[in-house]
Number of protein chains: 2
Amino acid sequence: MGRTMTPHAIPRYQQLKDLIIERISNGELRPSDRVPSENELVQSMSVSRMTANRALRELTDEGYVKRIAGRGTYVADFRSQSHVLEVRNIADEIAHRGHVHASEVIRQSRQHARGEIAKALHVEQGVDVFHALLVHFENATPIQVEDRHIVADFAPDCLDQDFTTITPSAYLTAISPLAEAEQIVRAQMPNAAVRDRLLMTDDEPSLVVIRRTWSSGRPVTFARLHHPGSRYELTGQYAPAGTPQSTPVGVVQLEALSQ
Amino acid sequence: MGRTMTPHAIPRYQQLKDLIIERISNGELRPSDRVPSENELVQSMSVSRMTANRALRELTDEGYVKRIAGRGTYVADFRSQSHVLEVRNIADEIAHRGHVHASEVIRQSRQHARGEIAKALHVEQGVDVFHALLVHFENATPIQVEDRHIVADFAPDCLDQDFTTITPSAYLTAISPLAEAEQIVRAQMPNAAVRDRLLMTDDEPSLVVIRRTWSSGRPVTFARLHHPGSRYELTGQYAPAGTPQSTPVGVVQLEALSQ
DNA sequence: TAGTCTAACCTGTATATACAACCTAGAAGA
DNA sequence: TCTTCTAGGTTGTATATACAGGTTAGACTA
């Protein structure tokens, strides 16, 4: 039979999670220490085993603990050192800032893959690929040069698209919504073409995101996204799911960190 | 009563997840489409509601669907556009590449917080903070300048640490293993000091990671991590948890993408 | 002594049941 | 017509129970 709960109470499983996180957080439980087993939690916390199971299972997913069937639950070694950055679609990102996105198509053509493009897309030299070169604007200021190649047979109607109304990224994810991706972020000096398109000064570096996206086990698109170093940065927050998410954290940020 | 299972079978809840992911993946279910409710899955898939609930709940955590109590479950809008980059502790990162990490301590002192440091750490002007300036080496080549400030009362024994044997990052997470963090990644030209420490050429940009880490609701450390643009990049993979994780993806990468 | 077996724990999964809270369409009332 | 109420569907949580399978310590046997 279900237990009666006062309205809007914190769920029991969440209380368990919080309790264990607290004990890890304040050092009472240290890495590789044994965490109370499900049955011990049943006893001491007066919950059902399923509830204890859910708490411990979610803590596992979140990287706090490690569970070994037959042995027990242990505090995970070093959570922490991997912080996470999110790279979003440029149009969404601009819209999210409440700004206006526009783009200009410089080139939209069919080519034969060669050299590194062929290698990156896992196709033979000479196979058909589409090439799209665009500039994205945020409130009329150029913010990204997108240099993208797409495997031709993955997106046959690529040349018919109007990339000023739908970004290549949005177009591709509309074709196949799920994909793996690899990314690389680099700081490098732009070539003259990119520098001119982005209205960059001579000594300004660019932040380049190189992204290769996979679908059904094969690479389908390969993009270089160039941004002006003085006007673009990647930001990310990291909160160990369970933290009350102190809200205005992201706001102070930009003001406080200007160098 | 429990259902008998053949040994090592794929769990029922995972089968449900795979089935729904497949239907999203092949376009049968498109963003904002309605996903079968728990009770419908109970009927059509012959599982208990708890099993259906687990499948849908995990799909929610993984970003595939969105659930609204009282209404139903819907395919999440654009999963995809947010790709993820991981920023790891430099020592772990170097160790992971099978290389040797070493570091040199340039400065390790107590200071009074001023200007942007005070702002970033949410302390008054003049409050005690520790300052650590280090260079990290990968196989004797300088790869990172770490410029870090730490709130003094968070880490009172900071000056006693030997940062050549334990990195500041490792030291801090040993004190308080759980934290929130904010990060910013920028491409910028280094100042002369950084350029010299990292043996960079005059026209080489640096990739800067700015990281502020929180503990117990307050900022405790603020670090600028400078890397030589020609020798350092951030990499990340993104696979919608459930993909068979095509193994060698990360390997081809570096070779293929050299520009 | 050395090897084997077993009991007692552990996690992992699955089910049936129960109640609370939320949402909406449509019925019932003013 | 407009408002209010309600029934039924939906998610969210909690419990009790059951069985499968991994792990280990200690008892048992050869």
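Values reported hereafter were calculated over all heavy atoms of this structure, with side chains retained and with hydrogens, waters and symmetry mates removed. Numbers restart at 1 for each chain; the letters A, B, ... are given by sequence-line order, proteins then strands.
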Inset, instruction - Quick one: pull up OG in B:Ser169 and CG in B:Leu225 and give me the separation to the nearest 0.5 Å. - result: 8.5 Å
Legend entry - Candidate pair B:Glu138 and B:His101, rule side-chain contact (heavy atoms from CB on, under 4.5 Å), full reasoning: CA-CA 5 Å; B:Glu138 174 167 4; B:His101 167 259; over 6 Å; no
Inset, instruction - Among C:dT13, C:dG12, D:dT10, find the nucleotide with the atom closest to the side chain of B:Arg34. - result: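 Out of C:dT13, C:dG12, D:dT10, the nucleotide with an atom closest to B:Arg34's side chain is D:dT10.
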Legend entry - B:Val47, nearest nucleotide to its side chain (from D:dT11, D:dA16, C:dT15):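 Among D:dT11, D:dA16, C:dT15, the one nearest the side chain of B:Val47 is C:dT15.
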Legend entry - pair A:Val75-A:Lys66: side-chain heavy atoms closer than 4.5 Å: no
Inset, instruction - Flag the pair B:Arg49 / B:Asn39 as yes when at least one side-chain heavy-atom distance between them is below 4.5 Å, and no otherwise. - result: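 When only atoms from C-beta onward are counted, B:Asn39 and B:Arg49 do touch, with a gap below 4.5 Å.
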Inset, instruction - Please report, rounded to the nearest Å, how far the P atom of D:dT15 is from the CD atom of A:Gln15. - result: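 Taking atom P of D:dT15 as the reference, CD of A:Gln15 is at 10 Å.
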Inset, instruction - Please report, rounded to the nearest Å, how far the P atom of D:dG12 is from the NZ atom of B:Lys66. - result: 12 Å
Less than 4.0 angstrom from a charged side-chain N to a carboxylate O is my criterion; do [X] and [Y] meet it?
X        : Y        : answer
A:Glu146 : A:Arg211 : no
B:Asp153 : B:Arg218 : yes
A:Glu40  : A:Arg34  : yes

I'd like a list of close polar pairs between nucleotides 23-26 of chain D and the protein, N/O only, cut-off under 3.5 Å.
residue, atom, partner, partner atom, Å
D:dT24, OP1, A:Arg71, NE, 3.4

Inset, instruction - Just say parallel, tilted or perpendicular for the rings of A:His227 and A:Tyr232, cut-offs at 30° and 60°. - result: parallel
Has [X] got a side-chain N or O lying under 4.0 Å from the OP1 or OP2 atom of [N]?
X       : N      : result
A:Tyr13 : D:dT13 : yes
B:Thr73 : D:dT10 : no
A:Arg12 : D:dA14 : no

Legend entry - Within residues 36-44 of chain A: residues closer than 4.0 Å to DNA chain C (heavy atoms):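 The answer is A:Ser37, A:Glu38, A:Asn39, A:Glu40.
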Inset, instruction - For side-chain hydrogen bond (donor to acceptor under 3.5 Å, both in side chains), just list the numbers for A:Thr51 and A:Arg12, CA-CA rounded to whole Å, side-chain angles, deciding distance to a tenth of an Å, and then say yes or no. - result: CA-CA 7 Å; A:Thr51 300; A:Arg12 214 79 179 78; over 6 Å; no
Legend entry - Polar pair under 3.5 Å, donor/acceptor by atom type, side chain B:Arg49, base D:dT10: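 For B:Arg49, whose side chain was compared with the base of D:dT10, there is no donor-acceptor pair (under 3.5 Å).
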Legend entry - Side-chain donor-acceptor contact under 3.5 Å, A:Glu93 with A:Asn89: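 Result is no, nothing qualifies.
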Inset, instruction - Test the B:Arg212-B:Phe222 pair against the cation-pi criterion, namely NZ or CZ under 6.0 angstrom from the six-membered ring centroid and within 45° of the ring axis. - result: no
Legend entry - Contact residues, residues 50-58 of chain A to DNA chain D [heavy atom, < 4.0 Å]: A:Met50, A:Thr51, A:Arg54
